[in-house]
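Notes to accompany the following structure.
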Amino acid sequence: MNIKQIEYFIDLSTSLSFTKTAQHFYISQTAITKQIHNLEDELGIPLFIRNKKKVEITPEGTLFLSHAQSIMKEINTAKQVVDAYKRGESGIVRIGLLKNCDDQLTVSLLETIKKTYPSIVLEYRAYRRINLIQLFNERELDLIIMMENHFLQEPSLLLKTYPLMKYYHKDTSLTSLPLLYDTSVKYENIDTEIEQLLLKACMKEGYVILQNFVDQNPYCKYLSSFPTERTSSLYLYYHEDAHQIIHNILNVLKKHAF
């Protein structure tokens, strides 16, 4: 049994004419007759009653018809899904997010993707910086959202730029505190998380320079902030040989102001 035989059978059950069905598929009547015979032999039942005056579908044929139509419906649905995937309109996209990042931007970005491509399944999760880079390099993630990082060589899309702020305890003075961390400096082998840095500032160990979105962190209620003249940028990193689905998402995000 093959798809063509099922298609011929369904058409013949409607036309009740081997000639018309042959015309519908642009093949000979003999070819249609042979394929229906082969289908009947495989099923072990007569599907049609043939005589010189007319063609009638048998009770067995009527029973098989409903299943044949269901089969073709599933096949057509499968084809549509595959075609949508090839066009980059459906599929699974794995997104890694930097922990403690700009939650408003993250939500807006994900909502934009889901609204534009409702058939795309988004799998997203927040990670520590070192894990995010590792999973991306191992191809476990298709896209990652994180601050500019010199360890990443893949292409990227700029999402947003943030002013850099100095954060320090309210009861201390900047002039009396050492610098603990500056997010714009390329530290080697350092994977310090934002919450840990802010906690150190809360404990009056020194001050840290971070993006202004960290104001949303609960630790900031203990801290004062002071602006610097520098900025830091958030990027969406993607693989250079990414599937069409990723390029479609990138094109949407390029038109959206975050």
Side-chain angles (χ1 to χ4, degrees), residues 1-95 109-125 138-143 155 157 236 238-256:
M1 185 186 306
N2 57 54
I3 295 174
K4 282 298 182 184
Q5 287 175 336
I6 295 175
E7 288 180 330
Y8 298 156
F9 165 72
I10 293 174
D11 189 278
L12 185 57
S13 68
T14 301
S15 70
L16 296 177
S17 168
F18 283 87
T19 301
K20 289 181 179 179
T21 293
Q23 291 172 346
H24 291 166
F25 291 96
Y26 300 99
I27 61 175
S28 69
Q29 181 177 330
T30 301
I32 291 291
T33 301
K34 181 179 179 180
Q35 290 299 322
I36 295 299
H37 272 305
N38 291 341
L39 183 58
E40 290 176 321
D41 288 343
E42 183 174 347
L43 293 173
I45 56 173
L47 298 173
F48 297 96
I49 300 172
R50 311 157 179 86
N51 56 50
K52 293 183 179 180
K53 293 184 178 180
K54 61 180 179 179
V55 176
E56 294 181 287
I57 189 168
T58 65
E60 297 92 335
T62 301
L63 178 64
F64 179 65
L65 177 60
S66 62
H67 295 286
Q69 290 170 331
S70 296
I71 291 170
M72 290 309 303
K73 183 178 180 180
E74 290 296 324
I75 290 174
N76 290 332
T77 299
K79 288 181 178 178
Q80 291 171 5
V81 170
V82 171
D83 288 342
Y85 174 76
K86 290 191 291 186
R87 294 193 304 269
E89 297 173 359
S90 72
I92 299 174
V93 177
R94 303 162 300 175
I95 303 177
L109 183 146
L110 294 176
E111 285 182 339
T112 298
I113 298 173
K114 291 185 71 173
K115 182 178 179 180
T116 308
Y117 293 107
S119 296
I120 290 178
V121 177
L122 296 181
E123 295 181 353
Y124 44 87
R125 179 181 171 185
E138 292 175 354
R139 298 282 181 147
E140 294 296 320
L141 294 172
D142 303 304
L143 299 169
L157 173 66
L236 178 71
Y238 58 96
H239 298 292
E240 191 168 4
D241 57 349
H243 184 270
Q244 183 60 43
I245 192 172
I246 302 300
H247 292 288
N248 286 353
I249 289 174
L250 292 171
N251 289 333
V252 169
L253 298 182
K254 286 176 183 177
K255 301 175 184 178
H256 189 85

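This chain uses plain numbering: 1 for the first residue, then up along the sequence.
Here His247 pairs with nothing under the ring pair (Phe, Tyr, Trp, His ring centres under 6.0 Å) rule; sequence neighbours left out. Thr62 meets the side-chain contact (heavy atoms from CB on, under 4.5 Å) test with Ile57; sequence neighbours excluded. By the side-chain hydrogen bond (donor to acceptor under 3.5 Å, both in side chains) test, Asn38 is found to be paired with no residue, residues two or more places apart in sequence or in another chain being considered. Under the rule for a side-chain hydrogen bond (donor to acceptor under 3.5 Å, both in side chains), Thr116 has no partner lying at least two apart in sequence or in another chain. Take Tyr117 and apply the ring pair (Phe, Tyr, Trp, His ring centres under 6.0 Å) test, not counting sequence neighbours, and it matches no residue. Every residue two or more places apart in sequence or in another chain was checked for a side-chain hydrogen bond (donor to acceptor under 3.5 Å, both in side chains) with Ser17, and none qualifies. Listed by chain and number, the residues in a side-chain contact (heavy atoms from CB on, under 4.5 Å) with Tyr85 are Ser90, His243 (sequence neighbours excluded). Checked against side-chain contact (heavy atoms from CB on, under 4.5 Å), Asn251 has the following partners two or more places apart in sequence or in another chain: Lys254. Annotation: side-chain hydrogen bond (donor to acceptor under 3.5 Å, both in side chains) contacts of Arg125 (sequence neighbours excluded): none. Taking the side-chain contact (heavy atoms from CB on, under 4.5 Å) definition, one finds that Ala22 meets it with Gln29, Ile32, sequence neighbours left out.
Closest heavy-atom contact between Leu236 and Leu250: CD2-CD2, 3.7 Å. Residues Thr21 and Ser15 come closest through the heavy atom pair OG1-OG, 2.8 Å. Of all heavy-atom pairs spanning Ile36 and Arg50, the tightest one is CG2-NH2, 3.3 Å. The minimum heavy-atom distance linking Met1 with Leu39 is given by the pair CG-CD1, 3.8 Å. Of all heavy-atom pairs spanning Glu89 and Ser119, the tightest one is O-CB, 3.5 Å. The minimum heavy-atom distance linking Met72 with Ile10 is given by the pair CG-CD1, 3.5 Å.
Within the structure, the ring pair (Phe, Tyr, Trp, His ring centres under 6.0 Å) test picks out the following pairs touching residues 21-63 (sequence neighbours left out): Tyr8-Phe25, Phe9-Phe48. Contacts classified as side-chain hydrogen bond (donor to acceptor under 3.5 Å, both in side chains) and involving residues 63-79 (residues at least two apart or in different chains) are not found.
Ion pair Glu111/Lys114 not flagged as a salt bridge, since none of the NZ, NE, NH1 or NH2 atoms sits closer than 4.0 Å to an Asp/Glu carboxylate oxygen.
No side-chain donor-acceptor contact under 3.5 Å links Gln35 to the backbone of Gln5.
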